[in-house]
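Written out below as structure tokens is the structure these notes cover.
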Amino acid sequence: MSKKALITGITGQDGSYLAELLLSKGYKVYGLRRRTSSPIMENIEHIANEIEFIDGDLLDQGSLVNAVRVSNPDEVYNLAAQSFVGTSWVQPVLTGETTAIGVTNMLEAIRQVKPEAKFYQASSSEMFGKVVETPQKETTPFYPRSPYGVAKVYGHWITVNYRESYNMFACSGILFNHESPRRGVEFVTRKVTNAAARIKLGLQKELRMGNLDAKRDWGFAGDYVKAMWLMLQQETPDDYVISTGETHTVQELVEIAFGHVGLSWRDYVVIDPKFVRPAEVDLLLGDHTKAKEKLGWKLEVGFEQLVTMMVESDLKRIEKSIK
């Protein structure tokens with residue numbers, strides 16, 4: 001009998017890479033999908049016929065109970081959230097409802113229907129925020145600096161609470177920034193690589209940016225979903241930091257992206273105050289020693305390789321669209 005997995009947020013970047021990974025391992029994959037007039041399926045079009053979709057929403061407890069009943073999963077991966085940090089200041093209540101309370105709704109549905117199912121919660125390095133130590137590891141105190149970060153802290157601790165209160169196999173992966181060609185264009189990495197490609201092709205004249213000095217620990221999403229799966233294959237549930245252990249500035253990201261298409265970024269980048277966040281997180285750097293030693297997890301894609309991969313993908317996509 002093949003294992004069954006239920007993935008929320010399956011149409012997103014992480015959900016699509018995770019679905020590919022699980023299908024390659026012989027899983028029966030179910031995807032929770034919000035009912036919309038025109039669902040965005042771009043990331044999973046190539047595997048959509050191998051996935052069984054269930055309509056549901058993290059804000060609708062009944063739909064989650066139904067999803068767990070229908071899928072009868074061995075593993076549940078909760079990747080759905082309002083995941084754009086910038087939007088969390090504009091929509092703080094919605095962010096709290098989906099990114100925080102939504103986790104409780106999912107855990108409660110599992111507890112009621114199939115408490116033996118293993119649960120993965122997508123925690124975030126944004127929980128560390130105004131960091132109290134560098135690098136950040138599993139024991140580093142949280143100090144979130146955005147409504148998104150605050151909501152993720154709630155989701156993290158409610159997962160710990162259900163693990164300890166109900167003896168559920170519930171894990172949190174504290175993932176540092178992870179990117180790919182499937183990242184939404186509102187995120188800074190994709191905003192930069194997409195702009196570099198568009199400017200190279202003569203479709204855009206400038207790129208407006210905020211804080212170029214902010215430092216992040218950026219990895220490849222395809223590597224990070226392997227860590228999610230490994231967490232649920234362990235004998236006991238635990239929480240793990242997943243990161244590269246390297247930090248790069250936004251300026252470095254810009255330099256590599258524009259350099260890859262033979263352009264000088266200084267000729268095109270404009271600093272715009274409206275893109276500076278109300279409370280900035282200046283430095284995030286993760287220590288993934290525990291994941292390396294206990295899970296046997298390792299990185300395969302480096303930072304420069306990641307950025308150039310994204311630029312190449314954007315060039316091909318844009319060139320195809322204008323032909």
Side-chain angles (χ1 to χ4, degrees), residues 3-9 14-15 18 30 32 54 56-83 88 92-129 132 136-144 147-175 225 227-242 290-291 294-295:
K3 281 187 177 181
K4 290 176 284 187
L6 172 64
I7 303 174
T8 74
D14 292 8
L18 179 61
Y30 294 83
L32 189 78
I54 304 171
D57 194 300
L58 288 184
L59 302 185
D60 184 353
Q61 176 80 47
S63 71
L64 299 182
V65 168
N66 176 66
V68 177
R69 281 200 183 119
V70 170
S71 60
N72 188 30
D74 299 288
E75 299 169 3
V76 177
Y77 296 85
N78 185 43
L79 310 183
Q82 189 301 98
S83 58
S88 75
V93 175
L94 176 66
T95 300
E97 289 171 342
T98 55
T99 309
I101 303 301
V103 185
T104 311
N105 289 338
M106 191 75 247
L107 282 163
E108 191 60 17
I110 296 167
R111 188 181 75 84
Q112 290 177 23
V113 180
K114 194 172 183 187
E116 68 273 25
K118 294 182 174 183
F119 176 76
Y120 171 84
Q121 165 60 15
S123 287
S124 168
S125 60
E126 290 290 330
M127 301 189 304
F128 295 122
V132 298
Q136 296 86 53
K137 50 186 181 289
E138 292 79 6
T139 55
T140 301
F142 301 135
Y143 194 145
Y148 171 78
V150 172
K152 279 293 186 183
V153 169
Y154 176 97
H156 180 86
W157 282 118
I158 199 68
T159 300
V160 173
N161 187 254
Y162 268 67
R163 179 168 74 214
E164 296 178 350
S165 300
Y166 302 115
N167 198 30
M168 291 172 64
F169 194 109
C171 297
S172 280
I174 307 172
L175 271 56
V225 299
M228 300 177 188
W229 177 77
L230 284 168
M231 288 179 211
L232 299 197
Q233 311 316 307
Q234 305 306 302
E235 288 188 13
T236 55
D238 207 345
D239 305 323
Y240 299 86
V241 162
I242 305 300
K290 181 178 175 182
K294 290 197 172 184
L295 303 178

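Contact record, G9 with A80: N-CB, 3.5 Å, taken as the closest heavy-atom pair. The two residues M231 and S172 come nearest to each other via the heavy atoms SD-O, 4.1 Å. Of all non-hydrogen atoms in A117 and P73, the two that sit nearest each other are CB-O, 3.4 Å. In terms of heavy-atom proximity, T98 sits nearest to L58 at O-CD1, 3.8 Å. Taking each heavy atom of T95 and A151 in turn, the nearest pair found is O-CB, 3.9 Å.
Residues passing the side-chain contact (heavy atoms from CB on, under 4.5 Å) test with S124, sequence neighbours excluded: E126, Y148, K152. Applying the salt bridge (Lys or Arg N to Asp or Glu O under 4.0 Å) criterion to E97, with sequence neighbours excluded, gives no partner residue. The side-chain contact (heavy atoms from CB on, under 4.5 Å) check on I101 picks up N105, Y154, with sequence neighbours excluded. In terms of the salt bridge (Lys or Arg N to Asp or Glu O under 4.0 Å) criterion, residue partners of K290 (sequence neighbours excluded) are, by chain and number, D238. When the salt bridge (Lys or Arg N to Asp or Glu O under 4.0 Å) test is applied to K137, the partners found at least two apart in sequence or on another chain are E133. Remark: E235 engages no residue in a side-chain contact (heavy atoms from CB on, under 4.5 Å) (not counting sequence neighbours). Under the rule for a ring-ring contact (aromatic ring centres under 6.0 Å, His included), the partners of Y166 that lie at least two apart in sequence or sit in another chain are Y162. In this view, Q112 and Q61, V65, E108 satisfy the side-chain contact (heavy atoms from CB on, under 4.5 Å) rule, not counting sequence neighbours. A search for side-chain hydrogen bond (donor to acceptor under 3.5 Å, both in side chains) contacts involving K294 returns nothing, not counting sequence neighbours. A search for salt bridge (Lys or Arg N to Asp or Glu O under 4.0 Å) contacts involving D239 returns R163, not counting sequence neighbours. Residues that satisfy the side-chain hydrogen bond (donor to acceptor under 3.5 Å, both in side chains) test with Q233, not counting sequence neighbours, are K3, E75.
Distance check: M168 CE to E116 CD gives 9.5 Å after rounding to the nearest 0.5 Å. Summarising the geometry, atom CG belonging to N78 is positioned 8.0 Å from atom CD1 belonging to I110; distances are rounded to the nearest 0.5 Å. One finds the CH2 atom of W157 at 13.5 Å from the CD atom of Q121 (value rounded to the nearest 0.5 Å). Atom-to-atom distance recorded for Q234:CD and L295:CG is 5.0 Å, nearest 0.5 angstrom. Taking CE of M228 as the start and SG of C171 as the end, the distance is 12.0 Å to the nearest 0.5 Å.
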**CA sep, side-chain torsions, deciding dist, call: I174, Q136, side chain to side chain contact (heavy atoms under 4.5 Å, CB included)** = CA-CA 10 Å; I174 307 172; Q136 296 86 53; over 6 Å; no
**Request:** Apply ring pair (Phe, Tyr, Trp, His ring centres under 6.0 Å) to the pair F128 and F142, showing each step before the final yes or no.
**Result:** CA-CA 4 Å; F128 295 122; F142 301 135; 5.4 Å; yes
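With contacts defined as side-chain heavy-atom distances shorter than 4.5 Å, the pair S71/K4 does not qualify. Counting only heavy atoms from C-beta outward, the side chains of L64 and V113 never approach each other to under 4.5 Å.
Under the side-chain contact (heavy atoms from CB on, under 4.5 Å) test applied with K114, the options L6, V76, V68 reduce to a single match, V68. When T159, L79, I7, L18 are each tested for a side-chain contact (heavy atoms from CB on, under 4.5 Å) with Y120, only one passes: L79. Just one residue in the list N167, N161, V160 forms a side-chain contact (heavy atoms from CB on, under 4.5 Å) with E164, and that residue is V160.
Every pair tested for salt bridge (Lys or Arg N to Asp or Glu O under 4.0 Å) that includes a residue from residues 59-68 fails, sequence neighbours excluded, so the list is empty.
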